[in-house]
Amino acid sequence: MAVVGVYSTAQIKKGQIALTSLNDLKSRLHDNVVLGSVDSLIGWDQQCYMPTGGASGRAEQMALLSRLKHEWLTAPETERLLTAAERESVDLSPHSDDAAYLRVARRDFELATKVPTELVSEIASTSALAHEEWVKARANNDFAHFAPWLEKNVDLARRLADYLGHGGERYDALVDQYEQGATADSVRKVFETLKPELVSLVRAITERGKAVDASPLRRDFDESAQLAFGEGVIRKFGFDFTRGRQDRAVHPFCTTISHGDVRITTRFERNFLSPALFGTMHETGHALYEQGVKAEFDGNILFGGTSLGIHESQSRLWENLVGRSMPFWERFYPDLLSAFPGVLDDVALPDFYRAINKVEPTLIRVEADEVTYNLHILLRFEIEIELLEGRLSVKDAPEAWNAKMQEYLGLTPPTNSAGILQDVHWSGGMIGYFPTYTIGNVVSVQLYEKANEDLGGNIPDQIRAGEFGPLLQWLRTNIHGYGRKYPPKELLQQATGRGIDAQPYLAYLRNKFGSVYELD
Ligand code: ZN
């Protein structure tokens, strides 16, 4: 009988156990990680600095890199080394980094090989074309123009799900690509808890909440002062500029080239303070995760975030739990006033705090506040499932969208551009992606509360003193450092002692917005 789990990584490093195939596998997959980092770098350049004339050349470079990565990962040599490494590693402790390495390598390999190359390239080329047509359809408010492409993408998603494998519900296979272990049912459960409470909280706020004036956020804010203020804040959060940088881009994002090179981008609006300010905090939340993965994982498949939901929990935590909190502004509001001389002098701190936390049903997801945001996601999740299962036809989808919008947010989009055509995801074939935003919101509160409990309830006072080190260190120890070592469910369980739970998030919203809107 084999003894399982007796060797530690340290024993292996000391050479007490030789894992030749594992080492060969690591060096083989290291090349793939490097290809991926080149891909990230040229993707960053494309969005930040590339002249428009570079588009077709860049598309070729990116297509070649994707093909090389896929071929390298799915090659018989990878499988041979993977199988040999698994065989020689049966006695590894399941908690060792090497055992985790093999689990992650196996999952990456299986996901890549389950899908035939022809389908991979059909998905890639269809999304590229569908994206172009979606841009036109959205500009011209012409859903009929995009409909055949959406139909193709839904069909490709069905085929993809069938290749990936599922127990009857195709959505399970799709969401699992972004959030390992999540299923349509687990997402449904979260929404069943959220939906009635969110709908009634939005109603209470709109019907009897004290009015909030957010117009001060729309004054004239010098762009270089916005950049300087935001940079000052994220330095305090712990963003390491010797291992990262910040640039301007139309769509804010965070990308990782390597452990020593994590980049964020920001969009500035001269007459609106919020996009750059909270966008910078948001992307920094993603960046702190990547900068916090332990250095030994650099160049290794364990480097990076474990799932999109956990990643989003980090961005939301810094943007909302920290950046939209009263303790934060008690410390930083005087700095903000001096960064923009004369602009906000007539706005008292409590009014500024209420302005940045204004709740208002809107048609557009990316502009949504903390309370209404998840209703936008719920609507998309429900429509995706109906489309995938063939219970809703693409041609009827705009009507279904508008009906749900009315039901959840009391609004009817005047155009499809402000409705079903607003998001990029479905043009790129990303079906099953949206729930990770809600998972991130829910988990952000679970993690923040556990950190605060472990730190003696002192985080609000530390934030009020401009001290973010203890919170960041807690996240480093419990989340960031592990990279992809643990799947999201396991990581959350280990960090908080619980699975995903929407109740703390709801309590946080009721408490915060009950006080912002003086609801009692
Ligand atoms: Zn994000």
Side-chain angles (χ1 to χ4, degrees), residues 40 43-44 47-48 175 177-180 182 187 190 230 233-234 237-239 244-257 262-269 274-293 304-325 356 362 364-378 380-381 422-426 428 430-448 471-472 475 479-480 483-484 488 491-492 500 505 508:
S40 300
W44 169 85
Q47 297 206 45
C48 295
V175 70
Q177 297 175 99
Y178 307 111
E179 194 68 22
Q180 187 179 354
V187 174
V190 170
V233 167
I234 65 173
F237 281 179
F239 184 89
R245 54 180 289 137
Q246 180 183 21
D247 294 83
R248 288 166 193 258
V250 181
H251 303 289
F253 63 94
C254 169
T255 191
T256 298
I257 319 300
V262 178
R263 306 181 181 196
I264 61 167
T265 67
T266 309
R267 175 172 67 90
F268 293 90
E269 278 186 46
S274 302
L277 179 57
F278 295 106
T280 301
M281 295 184 197
H282 181 99
E283 299 310 330
T284 296
H286 286 300
L288 290 173
Y289 189 178
E290 300 277 325
Q291 287 188 333
V293 177
T306 190
S307 73
L308 295 188
I310 299 292
H311 235 300
E312 195 67 6
S313 77
Q314 299 307 292
S315 55
R316 289 304 209 172
L317 187 151
W318 290 97
E319 175 195 356
N320 291 331
L321 283 291
V322 176
R324 288 185 213 263
S325 73
I356 60 169
T362 151
I364 309 296
R365 173 184 62 86
V366 296
E367 292 168 6
D369 54 79
E370 284 184 83
V371 180
T372 58
Y373 191 92
N374 298 294
L375 294 171
H376 290 266
I377 303 302
L378 170 62
R380 287 156 176 76
F381 168 66
Q422 67 182 268
D423 294 305
V424 68
H425 302 63
W426 292 344
M430 286 180 277
I431 294 175
Y433 184 113
F434 282 117
T436 65
Y437 292 120
T438 290
I439 293 171
N441 286 330
V442 166
V443 169
S444 71
V445 174
Q446 289 186 263
L447 292 176
Y448 179 88
L471 172 59
L472 180 60
L475 294 169
I479 303 291
H480 303 172
R484 298 178 70 203
L491 185 66
L492 181 64
I500 187 164
Y505 177 65
Y508 155 79

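Just follow the structure's listing: the first ligand is 1, and inside any ligand the first atom is 1. Values below: all heavy atoms of this structure, side chains included; hydrogens, waters and symmetry mates excluded.
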Knowing that exactly one of F237, Y289, F278 qualifies, which makes a ring pair (Phe, Tyr, Trp, His ring centres under 6.0 Å) with W318? F237
Short check: any N/O/S atom of H282 below 2.8 Å from the Zn ion (ligand 1)? yes
Of the options E290, R263, H286, which is the one that meets T256 in a side-chain hydrogen bond (donor to acceptor under 3.5 Å, both in side chains)? E290
Is there a side-chain contact between W44 and R245, using heavy atoms and a 4.5 Å cut-off? yes
Any cation-pi pair here, R365 with F434, using under 6.0 Å and within 45°? no
For E312, what is the atom name of its N, O or S atom nearest to the Zn ion (ligand 1)? OE1
Just checking: H311, one of its N/O/S atoms, less than 2.8 Å away from the Zn ion (ligand 1), yes or no? no
